[in-house]
Protein chains: 2
Amino acid sequence: MPKTTENPYVVQPVMKALKVLELVARHGHEIALTAVSKELRIPKTTTFRYLQTLTAAKFLDHNRATDRYTLGPQMRAIARADASVSKIRTLARPAMTELMHEFNETVNLAVKGNGTIVYIDLIEANRSLRMQARIGDSHPMHSTALGKAILAFLPEAERQRQLDLPLTERTGRTLLEREEIERQLRQVARTGYATEMGENEDGAMCIGAPILDENGYPVAALSISAPLMRMPHSLAAKAGARLREIAAGISARLGSQPAAAG
Amino acid sequence: MPKTTENPYVVQPVMKALKVLELVARHGHEIALTAVSKELRIPKTTTFRYLQTLTAAKFLDHNRATDRYTLGPQMRAIARADASVSKIRTLARPAMTELMHEFNETVNLAVKGNGTIVYIDLIEANRSLRMQARIGDSHPMHSTALGKAILAFLPEAERQRQLDLPLTERTGRTLLEREEIERQLRQVARTGYATEMGENEDGAMCIGAPILDENGYPVAALSISAPLMRMPHSLAAKAGARLREIAAGISARLGSQPAAAG
DNA sequence: CATCGAATTCCGCAACACGAAACCCGTGTT
DNA sequence: AACACGGGTTTCGTGTTGCGGAATTCGATG
């Protein structure tokens, strides 16, 4: 009876906690428990629990000195990540179209997820036999050119943590040897682009270059994917150089300083 | 056993829903129910409910065509609001210090809340008798110079909605007549600053000017408050002009076009 | 038409969120 | 100093309501 609003699937505690989150966020500055409770007409105890939970999840911050709550780091991180992704997508789109026309192969854009890369955009070549990924798909880092491009530019500690995770074998050619992977990554760091030959999908290959943010952190990568048979070494090298160039251009517009070579 | 982590006050549904929110947000693009469920190891039914709830609260968006979820408008709105507030605070701070020294009275910065103004910063004059508000305090719109400055520049529809609400009487001098208030607001719109004399706090007065965002919307206001006895008309006029000037400068840096006079 | 995977709905159970009230603590008051 | 007050924290018994397994529908795909 209290809220037979419509959707029988809404979970009340969650809904109310989101209202609390919203109120605190929109308040613009520190707000105290009682104020939230009064404003939202939610009993003090319950409000207290929500504030605790939201704080524990870092969505809110609790100023112990004043006993008041503010927007937390998690919210800001999410907001930044979101803004960053849309910015990357916007910046990359024209270059992707251009690349697709230049090589007449599918061009992909992916961001670094947690241990994976996630496709956030792609422009398909207009050919009958073409490489298919779908926006939103996740793929392992170590078996894709996109992932390898990102891995190669990750800070050492994070790269190691990444490679410590179990590496899934996607095809018979997927690299699984730590040594071999690290050798390749050093190579990628030197040349500025990564290649992958049938390691993620049989018969397919991919060439990728990293996109770095203002801190030089590889937030995303750009790639061209094609059937192995259509991409001879010479062409791959040319594509790699182009990708590196274009990705660097996007990085620059994200505020990244051009990395000093060697 | 599952999560006796520490805080006995965290409510599980909320915590888990926040994890869902975070996952979807960080994913960078549309993600489907099953993917979320698998990734977070939360049963499908439960995940479904959280996604529904988050969507109902506009924290997520549900693409009916693909049956996938993305970050929703609410999150973006909160993020924008937060960024805007911190930007305003940062931009205003130096000017506020300057103003405080110039008049040797307390300078206040407030944003428009829902039917109220909320102090987000203030610089106190170093005098024994000084006006006191506290960061985070809310005051009514109609009884403060800050509020009147904002009201005067609100779009007509919103201003009317605002004035339709019951108007609390803070002191014997608080304006309560709709006619009188609207007359004053027109005056404020002309002169570019608002005054309030003992209408909010006995013996205190305040002069405020609006800060407009890139759409010309009054998101905040800047004010000088002082004991009535220390602020004769002539000084008040001078302060008003300065406030208008400085607030306009901040507005400009927020991307606002200077409003065409009359 | 059959099949599969995904999303939605159903339903019975007990976990656990709820909120009143008690408690604690720091502030300001007499 | 004692006191009341307001705000935050803790306790605790109750019954709501969130849970998740299973059944069902939906929508692609072959």
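Letters A, B, ... are given to chains in the order of the sequence lines, protein chains preceding strands, and every chain is numbered from 1. Predicted, not measured: the structure shown is a model, and the values here were computed from it.
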Enquirer: Any salt bridge linking A:Lys112 with A:Glu158? Criterion: basic side-chain nitrogen under 4.0 Å from a carboxylate oxygen.
Expert: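 The answer is yes: the pair qualifies as a salt bridge.
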
Enquirer: Could you tell me the separation between the CZ atom of B:Arg64 and the C1' atom of D:dC26, rounded to a whole number of Å?
Expert: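 One finds 13 Å between C1' of D:dC26 and CZ of B:Arg64, rounded.
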
Enquirer: Would you say B:Tyr9 reaches D:dT9's phosphate, i.e. side-chain N/O to OP1/OP2 under 4.0 Å?
Expert: no

Enquirer: Specify the separation, in whole Å, of atom NZ of B:Lys16 and atom C1' of D:dT17.
Expert: 13 Å

Enquirer: Send over the distance from B:Asn63 CG to C:dA6 P, rounded to a whole Å.
Expert: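 Between P of C:dA6 and CG of B:Asn63: 17 Å.
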
Enquirer: Can you tell me which nucleotide in D:dT9, D:dC19, D:dG8 comes closest to the side chain of A:Tyr69?
Expert: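 Output: D:dT9.
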
Enquirer: Could you give the CG-to-C1' distance, from B:Asp67 to C:dT9, as a whole number of Å?
Expert: 15 Å

Enquirer: Whole Å only: how far is the CZ atom of A:Phe48 from the C1' atom of D:dG6?
Expert: 16 Å

Enquirer: May I ask you to test the A:Leu60-A:Leu51 pair for a side-chain heavy-atom distance under 4.5 Å?
Expert: yes

Enquirer: Within the structure, does a side-chain N or O atom of B:Thr46 lie under 4.0 Å from either OP1 or OP2 of D:dG20?
Expert: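 For B:Thr46, the contact criterion (side-chain N or O under 4.0 Å from OP1 or OP2 of D:dG20) is met.
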
Enquirer: Who passes side-chain contact (heavy atoms from CB on, under 4.5 Å) against A:Leu165, sequence neighbours left out?
Expert: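 Per chain and number, A:Leu165 pairs via side-chain contact (heavy atoms from CB on, under 4.5 Å) with A:Gln162.
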
Enquirer: Under the side-chain contact (heavy atoms from CB on, under 4.5 Å) rule, collect the residues that match up with B:Thr45, sequence neighbours excluded.
Expert: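 Scan of B:Thr45 (side-chain contact (heavy atoms from CB on, under 4.5 Å), adjacent residues dropped) gives B:Arg49.
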
Enquirer: It should be established whether B:Tyr50 places a side-chain nitrogen or oxygen under 4.0 Å from OP1 or OP2 of nucleotide D:dG20.
Expert: no

Enquirer: Mind checking salt bridge (Lys or Arg N to Asp or Glu O under 4.0 Å) for B:Glu196 and listing every partner two or more places apart, or none if nothing turns up?
Expert: none

Enquirer: Starting from the 5' end of DNA chain D, give me the residue, A:Thr66 or A:Val11, whose nearest nucleotide shows up first.
Expert: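 The residue closer to the strand's 5' end, by nearest nucleotide, is A:Thr66.
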
Enquirer: Give me the ring orientation class for A:Tyr69 and A:His62: parallel if the planes are under 30° apart, tilted from 30 to 60°, perpendicular past 60°.
Expert: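 Geometry flag for A:His62 against A:Tyr69: parallel rings.
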
Enquirer: Using a distance-only criterion (donor-acceptor N/O pair, under 3.5 Å, no hydrogens), is the base of D:dG21 paired with the side chain of B:Thr45?
Expert: yes

Enquirer: Measure CD/B:Gln12 against C1'/D:dC19 and give the value in whole Å, please.
Expert: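 In whole Å, D:dC19 C1' lies 12 Å from B:Gln12 CD.
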
Enquirer: Identify, with sequence neighbours excluded, every residue that meets side-chain contact (heavy atoms from CB on, under 4.5 Å) alongside A:Leu176.
Expert: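 Here the qualifying residues are A:His142, A:Leu167, A:Glu169, A:Thr174.
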
Enquirer: What is the distance, to the nearest angstrom, from the CG atom on A:Leu40 to the P atom on C:dC18?
Expert: 13 Å

Enquirer: Which donor-acceptor pairs under 3.5 Å do the side chains of residues 78-91 of chain A make with protein atoms, sequence neighbours left out?
Expert:
residue : atom : partner  : partner atom : Å
A:Asp82 : OD1  : B:Arg76  : NH2          : 3.0
A:Asp82 : OD2  : B:Arg76  : NE           : 2.8
A:Ser86 : OG   : A:Asp82  : O            : 2.8
A:Ser86 : OG   : A:Ala83  : O            : 3.3
A:Arg89 : NH1  : A:Ile120 : O            : 3.0
A:Arg89 : NH1  : B:His29  : ND1          : 3.1
A:Thr90 : OG1  : A:Ser86  : O            : 2.6

Enquirer: Between A:Pro13 and A:Thr34, name the one whose nearest nucleotide on DNA chain D is closer to the 5' end.
Expert: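 Upstream on the strand: A:Thr34.
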
Enquirer: Tabulated below should be each protein N or O lying under 3.5 Å from an N or O of nucleotides 22-27 of chain C; please produce it.
Expert:
none

Enquirer: Once side-chain contact (heavy atoms from CB on, under 4.5 Å) is applied, do any residues pair with A:Lys38, and if so which ones, sequence neighbours excluded?
Expert: A:Thr34

Enquirer: To the nearest Å, how far apart are A:Met15 CE and D:dT16 P?
Expert: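 Roughly 21 Å, once rounded to whole Å.
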
Enquirer: Write down the protein N/O and nucleotide N/O pairs, taken from nucleotides 12-14 of chain D, whose separation is under 3.5 Å; answer none if there are no such pairs.
Expert:
none

Enquirer: State which residues pass side chain to side chain donor-acceptor pair (under 3.5 Å) with B:Asp202; sequence neighbours excluded, sorted by chain then number.
Expert: none

